[in-house]
Amino acid sequence: MDTFDEDLFLKGLEQRKATLGAEYVERNLAAADDFTRPFQEAMTAWCWGFGWGDDVIDAKTRSMMNLSMIGALGKMTEWELHCRGAINNGVSKEEIRAIIHVIAIYCGVPQGLECFRAARKVFEEN
């Protein structure tokens, strides 16, 4: 990558920390090496700076959308992470349950069960 938009990265870094927690984000960035650092920087700038930095959709709604999409993809490690982030962004336990119901309806009951397992783990941590 020849260009690096530091302003977009910093905007993304702020949003990423607000949603996922500063400790988690700083740990991931600190663990980045020459192989993974360009992806961490690009993902922070693009996903969190550009995508989440758009004020048209509020953070709570974005979190709800993310849970639905990541649940549909079956990426459960990311789903669990974003479940924590959704709680940070004001998504209630009842709203998470409703999101899982939609995932189960459109993506299958087994996927819904996986989401319930991950959500229960997150809820037990709090």
Side-chain angles (χ1 to χ4, degrees):
M1 194 156 96
D2 293 337
T3 61
F4 179 76
D5 187 333
E6 187 169 354
D7 291 337
L8 196 58
F9 173 80
L10 293 174
K11 181 178 185 179
L13 186 60
E14 181 180 342
Q15 182 61 53
R16 189 176 176 199
K17 286 181 178 182
T19 298
L20 303 179
E23 183 180 313
Y24 170 83
V25 173
E26 289 168 8
R27 187 173 59 246
N28 272 271
L29 291 174
D33 56 19
D34 291 343
F35 183 63
T36 60
R37 186 173 297 105
F39 179 77
Q40 283 288 323
E41 291 171 348
M43 183 260 308
T44 300
W46 181 248
C47 297
W48 294 97
F50 175 77
W52 282 73
D54 178 351
D55 294 334
V56 174
I57 301 172
D58 63 274
K60 179 179 177 181
T61 303
R62 280 187 202 280
S63 282
M64 295 171 83
M65 292 168 56
N66 274 8
L67 287 178
S68 298
M69 292 182 288
I70 296 168
L73 292 170
K75 305 301 182 188
M76 298 314 298
T77 300
E78 288 297 309
W79 197 92
E80 185 178 317
L81 172 68
H82 279 275
C83 187
R84 287 186 195 93
I87 292 167
N88 290 340
N89 285 334
V91 180
S92 71
K93 187 174 186 177
E94 293 76 21
E95 289 169 322
I96 291 171
R97 178 183 20 222
I99 291 165
I100 296 171
H101 290 169
V102 172
I103 292 168
I105 291 165
Y106 287 96
C107 302
V109 171
Q111 188 56 35
L113 291 171
E114 288 295 316
C115 291
F116 273 117
R117 284 185 194 101
R120 177 167 281 152
K121 180 180 174 186
V122 170
F123 295 144
E124 288 172 355
E125 292 171 356
N126 293 328

Worksheet, complete the sentence: Taken to the nearest 0.5 Å, the spacing of Leu67 CG from Arg62 CZ works out to 14.0 Å

Which side-chain N or O atoms in residues 42-51 pair as donor and acceptor under 3.5 Å with protein atoms at least two apart or in another chain?
unit_1 : atom_1 : unit_2 : atom_2 : d
Thr44  : OG1    : Arg16  : NH1    : 2.8
Thr44  : OG1    : Gln40  : O      : 2.7

Practice prompt. State plainly whether one hydrophobic cluster holds both Val25 and Phe9, where clusters connect Ile, Leu, Val, Met, Phe, Trp and Tyr through side-chain heavy atoms under 4.5 angstrom apart.
Written response: yes

Worksheet item: Do the side-chain N and O atoms of Asp33 and Thr36 include a donor-acceptor pair separated by under 3.5 angstrom?
Response: yes

Discussion item. Under 4.5 Å between side-chain heavy atoms, counting indirect links through other Ile/Leu/Val/Met/Phe/Trp/Tyr residues: same cluster for Trp79 and Val91 or not?
Written reply: yes

Worksheet item: Same cluster for Phe123 and Leu113 if Ile/Leu/Val/Met/Phe/Trp/Tyr side chains link at under 4.5 Å?
Response: no

Discussion item. Taking atom CZ as the centre, does Arg120 end up with more than 12 heavy-atom neighbours from other residues, nucleotides or ligands that are less than 6.0 angstrom away?
Written reply: no

Fill in: Side-chain (Gln111) to main-chain (Ala72) donor-acceptor, under 3.5 angstrom
no

Worksheet item: Where do Leu81 and Tyr24 come nearest, in terms of heavy atoms and distance?
Response: CD2-OH, 3.3 Å

Worksheet entry | Short side-chain to backbone donor-acceptor contact, Lys11 and Gly53, under 3.5 Å | yes

Practice prompt. Taking all heavy atoms of Asp5 and all of Leu8, pick out the closest pair and write down the distance.
Written response: OD1-N, 3.0 Å

Show me, pair by pair, the donor-acceptor contacts under 3.5 angstrom made by side chains of residues 95-110, not counting sequence neighbours?
unit_1 : atom_1 : unit_2 : atom_2 : d
Glu95  : OE1    : Lys60  : NZ     : 3.3
Glu95  : OE1    : Ser92  : N      : 2.8
Glu95  : OE1    : Ser92  : OG     : 3.3
Glu95  : OE2    : Lys60  : NZ     : 3.1

Discussion item. Check this for me: Asp55, atom CG, are more than 12 non-hydrogen atoms of other residues, nucleotides or ligands nearer than 6.0 Å?
Written reply: no

Fill in: Cluster check Phe116, Leu73: I/L/V/M/F/W/Y, side chain < 4.5 angstrom
no

Worksheet item: Going from CD on Gln15 to CG on Leu20, what distance comes out if it is rounded to the nearest 0.5 angstrom?
Response: 9.0 Å

Worksheet item: Any idea which heavy atoms bring Gly71 and Cys115 closest together, and the distance?
Response: CA-SG, 4.2 Å

Worksheet item: Tell me, which pairs form a salt bridge (Lys or Arg N to Asp or Glu O under 4.0 Å) where one or both residues lie in residues 63-92, sequence neighbours left out?
Response: Glu80-Arg84, Glu80-Lys121, Arg84-Glu125

